[in-house]
Chemist: 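Below you'll find the structure I mean.
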Amino acid sequence: MSDLSAYRDSAQTSAAWPFEEARKIVARIARTGKKQVLFETGYGPSGLPHIGTFGEVARTTMVRRAFETLTSGEIPTRLIAFSDDMDGLRKVPDNVPNKALLAGALGMPLTKVPDPFGTHPSFGEHNNARLRAFLDQFGFGYEFMSSTECYRSGMFDATLLKMLERYEAIQAVMLPSLREERASTYSPFLPIHPVTGHVMQVAVDEVKVDAGTIVWRDPDTGKAYETPVTGGHAKLQWKPDWAMRWVALGIDYEMAGKDLIDSVKLSGEIVRALDAEPPEGFNYELFLDENGQKISKSKGNGLTIDEWLTYASPESLSLYMFQRPREAKKLYFDVIPRAVDEYLSFLDAFERQDEKNRLGNPVWHIHGGMPPAPEKIAAAGSNQAATAVSFGLLLNLVAVANVEDKGVLWGFLQRYAPGASPQTHPRLDRLVGYAIRYFADFVKPKKVYRAPDDVERDALAALKAKLLTMPADASAELIQEAVYDVARAVPRYQDFKAKGATPERPGVSNAWFNALYQVLLGEERGPRFGSFAAIYGIANTVKLLQNALDGVLIRDHEAFLAAKAPAGG
RNA sequence: GAGCUCGUAGCUCAGUCGGUAGAGCACGUGACUUUUAAUCAUGGGGUCAUGGGUUCGAAUCCCAUCGAGCUCACCA
């Protein structure tokens, strides 16, 4: 943290949004005199963690780090990941096994619903574990809290009793926001049915402030019950629950999606009805799919976090989350490569920037003020500055060179920068892996292999024969010479207008190379062929030529596409 | 009906108390021993959506208009 204190002054005026948020919290504690700051992110545990979950925690953490920088770490902070696991199960999710098991538990608190996966005592606990594993995988610092445990332990009791006392004031906040038919039966308290265990959404007949209970009737049996609002015998409706939690835990900051703006407002009013101050907040925009539609779990559109992490690093996803949180951004496959390269260039720029600019650099926020040094490679025998290899470059390379193996791609890289290796450049190595997966899933399907005609067949056969006479470690230059020499003998490829061409020794036209790329790689363009063959290996190249002559390349590609078709789509 | 965001180069966007418009990519040209991924140099390109206001001075602050898009108004 001592490193960060250097940024304290510049941070006071930084325009980066995490600092603007953090300054709101600084003003808040100046007002309240609090000695620590609590951040909260909340989850409805009926679903699995998703890309929005990541976004909310990542962004909250950015504000947290900004706050710590503003205050030189003098004020302790905590981030609470709160799981609303006492919520009643409303419907059976589509993506779970043993649906019948869940169907029998509709209406029960999630921590009373059996675990369809059979790994935890309840569905709620199962999902809590998934949430924690998810957050841990990214190294987020947080404290987990279970709503069920909070209610049962009595941690919420004092605030719950106060809400009972202010019952009318809370209703005065809530009722105008509801339609008539709903308002007539609305109660902020949801008693847990003492017999069935269901979370009951029923009208409250009587509020007994002194006894700390509510009186209600079972709509099916008509039987009346008196239930304490404390000790986990009842829970709260969502918006009052949020408000109660803010008060009981003393939350200072919580962000929410734009769809919750009105809810934040109502919950805030309830907090004020409890004589407390609602937390500072921030409303981030929702993500859209490539057609501009809101991403929702039920629709399954947009991009999942697993998909992102298949093709790019968590850091690139953090960058995406950092940038323009108040704008509706499209979140689909095409944004990934750009996010990766922007991350790399921001990382590259960081070293050259002064304090103030660093605070505006996304990598400062992604890495909590301490971004790693960029990994660069230096060209052999060159006094040019080392540069970072971009994802775009790797994608290009992997596509034209038909690379499916990390080693081969490293071969190309080392050709340019002999000193580099997966050991010296581990992050570049991961980038290489991402590029290859991208190739397999998005580039390879678009390849179009074409069959050679008779002239091309002869030329390819001649090239193969020539390569067979060469040593396995023949240099790229030597192979390149051979490629030219083979084509020089073929009238179709002779080019007498080429630079340095003579009638006895014609140049070679582009048609030859185009044919090689189209037939062998399924691409319109490609790498320098000599270099390609040297890295790919003479034996492999010979096999590639033979496969082209045998029609194997086309057959294999068709089989590949056929196998992919049903799963893809 | 209520609220939010955005409009700057062909594209994606920076532009941090107001002080002569920037980057990356793309494109043009040139260099690198027979052009074919990776390099380098260089060039063109913007009435900062529109109209007004404040100011010595506005992409930046204020108001209005137009345009693009989103969210909420049942539940969480």
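Given the structure is predicted, the values throughout are model-derived calculations rather than measurements. Letters A, B, ... mirror the listed sequences (proteins, then strands); counts begin at 1.
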Chemist: Which whole number of Å gives the distance between the P atom of B:A37 and that of B:C32?
Modeler: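 My reading of the P atoms in B:A37 and B:C32 gives 15 Å.
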Chemist: How close or far is atom C1' of B:U12 from atom CG of A:L319, stated in whole angstroms?
Modeler: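 After rounding, the reported distance stands at 13 Å.
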Chemist: Taking atom C1' in both B:G46 and B:U8, what distance in whole Å separates the two?
Modeler: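 The same atom, C1', in both gives a distance of 7 Å.
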Chemist: Between B:G19 and B:C4, how many Å separate the two C1' atoms, rounded to a whole number?
Modeler: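 Per the computed distance, 32 Å lies between those C1' atoms.
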Chemist: Would you measure the distance from the C1' atom in B:U29 across to the matching atom in B:A64 and give it in whole Å?
Modeler: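 Pairwise C1' distance, B:U29 against B:A64, rounds to 47 Å.
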Chemist: Return the set of residues passing side chain to side chain contact (heavy atoms under 4.5 Å, CB included) with A:A81 (not counting sequence neighbours), or none when no residue passes.
Modeler: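 Residues passing side chain to side chain contact (heavy atoms under 4.5 Å, CB included) with A:A81: A:T41, A:Y43, A:L135, A:Y142.
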Chemist: Any donor-acceptor pair under 3.5 Å linking the side chain of A:R59 with the backbone of A:M321?
Modeler: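 Yes, the answer is positive, given that a donor and an acceptor are paired below the 3.5 Å cut-off.
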Chemist: Separation of A:F391 atom CZ from B:C25 atom P, in whole Å?
Modeler: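 Going from CZ in A:F391 over to P in B:C25 covers 17 Å.
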Chemist: Going by salt bridge (charged side-chain N to carboxylate O under 4.0 Å, His left out), name the residues that satisfy it together with A:E254, two or more places apart in sequence or in a different chain.
Modeler: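 With neighbours one apart ignored, the set is empty.
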Chemist: Once the angle between the rings of A:Y320 and A:F287 is folded into 0 to 90°, is it parallel (under 30°), tilted (30 to 60°) or perpendicular (over 60°)?
Modeler: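 Ring orientation, 0 to 90° scale: tilted.
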Chemist: Work out how far the P atom of B:U12 is from that of B:G69, and round it to whole angstrom.
Modeler: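 Taking atom P in both B:U12 and B:G69, they lie 14 Å apart.
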Chemist: Rounded to whole Å, how long is the line connecting atom CD of A:E342 with atom P of B:C11?
Modeler: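 Spelled out: CD on A:E342 to P on B:C11 is 16 Å.
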Chemist: Strictly under 3.5 Å: I want the nitrogen or oxygen pairs between protein and nucleotides 74-76 of chain B, one per line.
Modeler:
from: B:C74; atom 1: OP1; to: A:R179; atom 2: NH2; distance (Å): 3.3
from: B:C74; atom 1: OP2; to: A:R179; atom 2: NE; distance (Å): 2.7
from: B:C75; atom 1: OP1; to: A:R182; atom 2: NE; distance (Å): 2.9
from: B:A76; atom 1: OP1; to: A:Q237; atom 2: OE1; distance (Å): 2.4
from: B:A76; atom 1: OP2; to: A:Q237; atom 2: OE1; distance (Å): 3.4

Chemist: With both distances kept under 3.5 Å, what pairs with B:U34, Watson-Crick or G-U wobble?
Modeler: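 Across all strands, not a single nucleotide pairs with B:U34.
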Chemist: Rounding to an integer number of Å, can you tell me how far A:F346 CZ sits from B:C13 C1'?
Modeler: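 Interatomic distance, CZ of A:F346 to C1' of B:C13: 9 Å.
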Chemist: Are any protein N/O atoms closer than 3.5 Å to N/O atoms in nucleotides 1-7 of chain B? If there are, list each pair with its distance.
Modeler:
none

Chemist: Does any nucleotide pair with B:G28 by Watson-Crick or G-U wobble geometry, both distances under 3.5 Å, and what is it?
Modeler: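 Pairing partner: B:U42.
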Chemist: Taking any heavy-atom pair under 4.0 Å as a contact, classify A:E481: base, sugar-phosphate, or nothing.
Modeler: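 A:E481: base contact, heavy atoms under 4.0 Å.
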Chemist: What is the distance, to the nearest angstrom, from the NE2 atom on A:H425 to the C1' atom on B:A38?
Modeler: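 Taking atom C1' of B:A38 as the reference, NE2 of A:H425 is at 15 Å.
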Chemist: Which value, in whole Å, describes the distance between the P atoms of nucleotides B:C27 and B:G10?
Modeler: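 Going atom to atom, P in each nucleotide, I get 15 Å.
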Chemist: Excluding sequence neighbours, so at least two apart, what forms side chain to side chain contact (heavy atoms under 4.5 Å, CB included) with A:R90?
Modeler: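 For A:R90 the side chain to side chain contact (heavy atoms under 4.5 Å, CB included) partners, ignoring immediate neighbours, are A:D87, A:Q201.
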Chemist: Quick check on A:E180: does its CD atom have over 12 non-hydrogen neighbours (other residues, nucleotides or ligands) under 6.0 Å away?
Modeler: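 It does not: A:E180 CD has 12 such atoms or fewer within range.
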Chemist: What integer number of Å spans the C1' atoms of B:A59 and B:A9?
Modeler: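 Approximately 14 Å lies between the C1' atom of B:A59 and that of B:A9.
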Chemist: Can you tell me how far C1' in B:G43 sits from the matching atom in B:U5, rounded to whole Å?
Modeler: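 To the nearest whole Å, 37 Å.
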Chemist: Measure up the A:W238 and A:W242 rings against each other and bin them: parallel (under 30°), tilted (30 to 60°), perpendicular (over 60°).
Modeler: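 Answer is parallel, since the angle falls under 30°.
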Chemist: Using whole Å, what does the distance between atom P of nucleotide B:A38 and atom CG of A:D341 come to?
Modeler: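 Atom-to-atom, A:D341 to B:A38, this comes out as 14 Å.
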Chemist: According to the interplanar angle, ranging from 0 to 90°, do the rings of A:W364 and A:F19 count as parallel (below 30°), tilted (30 to 60°) or perpendicular (above 60°)?
Modeler: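 Ring orientation, 0 to 90° scale: tilted.
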Chemist: Do A:S147 and A:D85 have a side chain donor and acceptor closer than 3.5 Å?
Modeler: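 No, because no side-chain N or O of A:S147 sits under 3.5 Å from a partner of the opposite role on A:D85.
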Chemist: Please enumerate all residues that pass salt bridge (charged side-chain N to carboxylate O under 4.0 Å, His left out) together with A:K112, with sequence neighbours excluded.
Modeler: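 Listed in chain order: nothing, the list is empty.
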Chemist: Could you tell me the separation between the CD1 atom of A:I336 and the C1' atom of B:U12, rounded to a whole number of Å?
Modeler: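 Going from A:I336 (CD1) to B:U12 (C1'), I get 16 Å.
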Chemist: Between A:L431 (CG) and B:A38 (C1'), how many Å, whole number?
Modeler: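 After rounding, the gap between these two atoms is 14 Å.
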